[in-house]
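Below you'll find the structure, written out as structure tokens, and then a few comments.
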Amino acid sequence: MEFSSEANQRIARISAHLYPPNLQMEENSCLRQAKCRAKGGAAGFKVAILGAAGGIGQPLAMLMKINPLVSVLHLYDVVNTPGVTADISHMDTGAVVRGFLGQPQLENALTGMDLVIIPAGVPRKPGMTRDDLFNINAGIVRTLCEGIAKCCPNATVNLISNPVNSTVPIAAEVFKKAGTYDPKKLLGVTMLDVVRANTFVAEVLGLDPRDVDVPVVGGHAGVTILPLLSQVKPPCSFTQEETEYLTNRIQNGGTEVVEAKAGAGSATLSMAYAAVKFADACLRGLRGDAGVVECAFVASQVTELPFFASKVRLGRQGAEEIFQLGPLNEYERIGLEKAKKELAGSIQKGISFSKK
Ligand SMILES: NC(=O)c1ccc[n+]([C@@H]2O[C@H](COP(=O)([O-])OP(=O)(O)OC[C@H]3O[C@@H](n4cnc5c(N)ncnc54)[C@H](O)[C@@H]3O)[C@@H](O)[C@H]2O)c1
Ligand SMILES: O=C(O)C[C@H](O)C(=O)O
């Protein structure tokens with residue numbers, strides 16, 4: 001195919017803008033021509049996924065490519081991003097997709113981002129707790145957050161990597177050290193607990209899960225996952241047996257998947273769904289939509305602990321309002337004490353790691 005020299009210059013200009021040399025995947029002039037003429041990516045937010053080639057990262061990337069609020073999607077991982085990027089980039093939706101491979105490309109992946117979603121790190125195998133992932137994932141999260149502090153200090157961060165109860169405090173310490181910490185913009189993703197709670201409660205009530213809203217507070221591991229079944233919408237009541245069954249199933253939903261996968265990892269597909277639901281809420285908040293409320297693990301004064309998951313209102317500044325827990329029944333009050341005890345240790349572990 002022949003192009004006029006004027007057209008070639010235009011292609012080169014736009015291509016250089018979209019794909020600076022150090023970001024370029026292999027491409028030929030026909031491909032550049034296609035990029036030149038492609039529409040999309042005009043209005044919207046710039047989103048990076050760190051750990052984009054993983055079990056969560058890939059379906060998450062696919063779902064974010066469909067999200068009309070996203071104009072630019074950066075996919076970063078230490079392996080396999082060229083393939084994932086090529087694959088996702090063929091989807092005929094508006095977001096422009098760029099791939100970044102390995103630490104030397106981290107800064108380019110992050111520069112200019114509005115929202116950074118982090119599912120990077122190792123998942124559990126049967127018999128492990130989330131805390132068993134600490135030794136590997138703490139360092140990964142620290143490095144990635146150092147990059148965020150340097151390249152997109154105003155971005156909202158959705159942190160998925162486990163143990164969330166410790167990785168969020170680690171991220172906060174990194175940002176404090178860099179002088180960029182905005183507690184409203186650092187959100188630990190506990191949406192999967194809400195998604196599971198809605199599903200399991202709907203099963204018991206015989207309802208459509210889309211009509212059910214269960215607040216889940218505390219943190220994201222075992223007894224720190226505290227569903228407030230007394231506050232379910234639509235209003236309903238449960239027998240003691242149902243309350244115990246539901247609380248136990250919601251708290252152990254992650255382990256249920258880890259055991260079913262039998263060594264092949266933990267929840268990825270439901271997590272990608274939950275991550276996109278949460279990221280979409282963050283983007284709607286950033287856009288200025290009113291009344292966007294979801295649960296998240298954030299810096300908090302709801303309890304005496306420095307971090308706690310509860311309902312938050314998402315706005316232009318991130319988690320602009322953090323809601324109190326509301327009235328708890330006796331069962332939930334006992335659960336809250338257990339949750340706080342375990343959470344205190346996990347939070348401290350994250351803070352101590354960062355201060356070493
Ligand atoms: N918050 C939640 O509700 C929730 C739910 C499910 C899983 N998780 C956690 O999410 C994490 C990822 O799970 P997964 O199933 O996708 O694991 P995975 O192993 O399939 O994918 C992780 C990806 O992270 C990448 N990675 C590793 N080190 C990296 C680094 N330094 N920089 C960038 N990328 C890096 C890997 O190459 C891999 O592609 C785990 O820690 C898991 O426990 C959290
Ligand atoms: O259980 C895990 O290890 C992964 C995740 O935290 C989950 O809740 O599914």
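Quick note: residue numbers are just sequence positions, from 1. Counting starts at 1 for both ligands and their atoms, in listed order. What you are looking at is a predicted structure, and each value in this text was computed from that prediction instead of being measured.
- At least one heavy atom of Val189 sits less than 4.0 Å from an atom of ligand 1.
- When heavy-atom distances to ligand 1 are checked against a 4.0 Å cut-off, Val122 comes that close only through its backbone atoms N, CA, C and O.
- At a 4.0 Å heavy-atom cut-off, ligand 2 does not touch Lys125 at all.
- For Met191, no heavy-atom contact with ligand 1 is shorter than 4.0 Å.
- Residue Ile160 touches ligand 1 through backbone and side chain together, judged by heavy-atom distances below 4.0 Å.
- Arg124 NH2, 2.7 Å is the protein heavy atom nearest to atom 1 (O) of ligand 2.
- Listed by atom number, the atoms of ligand 2 under 4.0 Å from Leu192 heavy atoms are 7 (C), 9 (O).
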In sequence, state the C-alpha distance, the side-chain angles, and the governing distance for Lys185 and Thr156, and then conclude on side-chain hydrogen bond (donor to acceptor under 3.5 Å, both in side chains). CA-CA 5 Å; Lys185 297 223 163 146; Thr156 297; 5.1 Å; no
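- Neither the backbone nor the side chain of Asn80 comes within 4.0 Å of ligand 1, counting heavy atoms alone.
- Close N/O approach between Asp193 and ligand 2 is not found [any backbone or side-chain N/O within under 3.5 Å].
- The heavy atom nearest to atom 5 (C) of ligand 2, out of those in His220, Met271, Lys261, is found in His220.
- The single protein non-hydrogen atom nearest to atom 13 (O) of ligand 1 is Ile56 CD1, 3.5 Å, given as residue, atom name and distance.
- Contact analysis leaves Thr143 out of contact with ligand 1, as no non-hydrogen atom separation drops below 4.0 angstrom.
- Residue Gly54 approaches ligand 1 through these ligand atoms, each under 4.0 Å from one of its heavy atoms: 20 (O), 21 (O), 23 (C), 38 (C), 39 (O).
- The single protein non-hydrogen atom nearest to atom 4 (C) of ligand 1 is Met271 SD, 3.5 Å, given as residue, atom name and distance.
- Residue contacts with ligand 1: Gly121 is placed with a nitrogen or oxygen under 3.5 Å of a nitrogen or oxygen of the ligand (distance criterion only).
- Of all the heavy atoms of Pro119, the ones lying under 4.0 Å from any atom of ligand 1 belong exclusively to the backbone.
- Between Ser161 and ligand 1, not a single N/O pair is under 3.5 Å apart.
- Taking 4.0 Å as the cut-off, Gly265 does not count as a neighbour of ligand 1 on heavy-atom distance.
- Close approach to Ser266 involves these atoms of ligand 2, each under 4.0 Å from a residue heavy atom: 2 (C), 3 (O), 4 (C).
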